[in-house]
Asker: 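I'd like to ask you about the structure that follows.
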Amino acid sequence: MIETTPVFRLSVDDHVMIAHSLKDPFFGPAQRLHGATLAITATFERQGLDEHGVVMDIGMATEMLSEVLDPLRYQNLDEHPDFLNKLSTTEVVCQHIALRLAEALPEDHQLRALEVAAEEHPRARASARIELEWGTASA
Ligand SMILES: Nc1nc2c(c(=O)[nH]1)N=C([C@H](O)[C@H](O)COP(=O)(O)OP(=O)(O)OP(=O)(O)O)CN2
């Protein structure tokens, strides 16, 4: 009989509309200013469940993701202070959201990782995963 405590994952979704330009010849026409609607999934991971039988409360996870996305909504990332002198690729946006979520977690979160995925269009997705150590994040 297998007795290992499972790793559980809870995911919540949201979306964010942004504009940006990717100022590197690598990106061809996307060097010009263009818009994107990113469908965001945040996944929280925990070994075992808490005393309520959950990874974390869905309402709390949904609210945290929404609050982290609020400063990005309808923004031109070329002008956003957190993306100055950065290429705001989907990967970099995922990293940014993941770090902000990690910072927003309560100190006693007991999670072991979180992951943020962004769907740029139905055929392209990127994600960033952060391993957590009880309140501290390592990228
Ligand atoms: N790994 C990534 N590659 C690209 C990203 C990204 O965020 N991560 N972003 C873009 C553009 O912002 C845009 O989403 C797509 O631009 P496009 O020129 O249409 O790029 P494609 O690679 O889809 O198509 P091409 O055949 O290269 O024109 C681009 N890449």
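Counting starts at 1 for both ligands and their atoms, in listed order. Computed from heavy atoms alone, side chains included, the values below leave out hydrogens, waters and symmetry copies.
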Asker: For atom 21 (P) of ligand 1, decide whether some protein heavy-atom distance is shorter than 4.0 Å.
Answerer: no
Asker: Are there protein heavy-atom neighbours of atom 26 (O) of ligand 1 below 4.0 Å?
Answerer: no
Asker: What do you think, any protein heavy atom under 4.0 angstrom from atom 8 (N) of ligand 1?
Answerer: yes
Asker: Is there a side-chain contact between Val54 and Leu10, using heavy atoms and a 4.5 Å cut-off?
Answerer: no
Asker: Indicate whether any N or O donor in one side chain lies under 3.5 Å from an N or O acceptor in the other, for Thr5 and Arg46.
Answerer: no
Asker: Is atom 30 (N) of ligand 1 near the protein, in the sense that some protein heavy atom lies at less than 4.0 Å from it?
Answerer: yes
Asker: Could you identify the single nearest non-hydrogen protein atom to atom 12 (O) of ligand 1 and state the distance to 0.1 Å?
Answerer: His34 NE2, 2.9 Å
Asker: With the threshold set at 4.0 Å, does a side-chain nitrogen-carboxylate oxygen contact exist between Asp70 and Arg100?
Answerer: no
Asker: What protein heavy atom sits nearest atom 4 (C) of ligand 1, and how far off is it?
Answerer: Phe27 CE2, 3.8 Å
Asker: Does Ile58 CD1 have over 12 foreign heavy atoms under 6.0 Å away?
Answerer: no
Asker: Can you list every side-chain hydrogen bond (donor to acceptor under 3.5 Å, both in side chains) pair that touches residues 54-63, not counting sequence neighbours?
Answerer: none
Asker: Kindly indicate, with the supporting measurements, whether the criterion side-chain contact (heavy atoms from CB on, under 4.5 Å) is fulfilled by Val116 and Ser127.
Answerer: CA-CA 5 Å; Val116 171; Ser127 62; over 6 Å; no
Asker: Can you pull out the closest protein heavy atom to atom 11 (C) of ligand 1? Residue, atom name and distance to 0.1 Å, please.
Answerer: Ala30 CB, 3.5 Å
Asker: In ligand 1, which numbered atoms sit nearer than 4.0 Å to a non-hydrogen atom of Thr90?
Answerer: 6 (C), 7 (O)
Asker: Over 60° means perpendicular and under 30° means parallel, so classify the ring planes of His96 and Phe83, tilted if in between.
Answerer: tilted
Asker: For the residue pair His121 and Arg125, what are the closest heavy atoms and their distance?
Answerer: O-NH1, 4.4 Å
Asker: Under the 4.0 Å line, does any protein heavy atom show up next to atom 1 (N) of ligand 1?
Answerer: yes
Asker: Name the closest protein heavy atom to atom 18 (O) of ligand 1, giving the residue it belongs to and the distance to 0.1 Å.
Answerer: Pro29 CG, 3.6 Å
Asker: Return the option from His20, Glu91, Gln31, Arg125 holding the heavy atom at the smallest distance from atom 6 (C) of ligand 1.
Answerer: Glu91
Asker: Should the proximity of Glu120 to ligand 1, defined as any heavy atom under 4.0 Å, be assigned to the side chain, the backbone, both, or neither?
Answerer: side chain
Asker: Starting from atom 10 (C) of ligand 1, find the nearest protein heavy-atom neighbour and note its residue, name and distance.
Answerer: Leu22 CD1, 3.7 Å
Asker: Less than 4.5 Å apart, side chain to side chain, heavy atoms only: is that true for Ile97 and Leu65?
Answerer: yes
Asker: Around atom 23 (O) of ligand 1, find the nearest protein heavy atom and jot down its residue, atom name and distance.
Answerer: His121 NE2, 4.7 Å
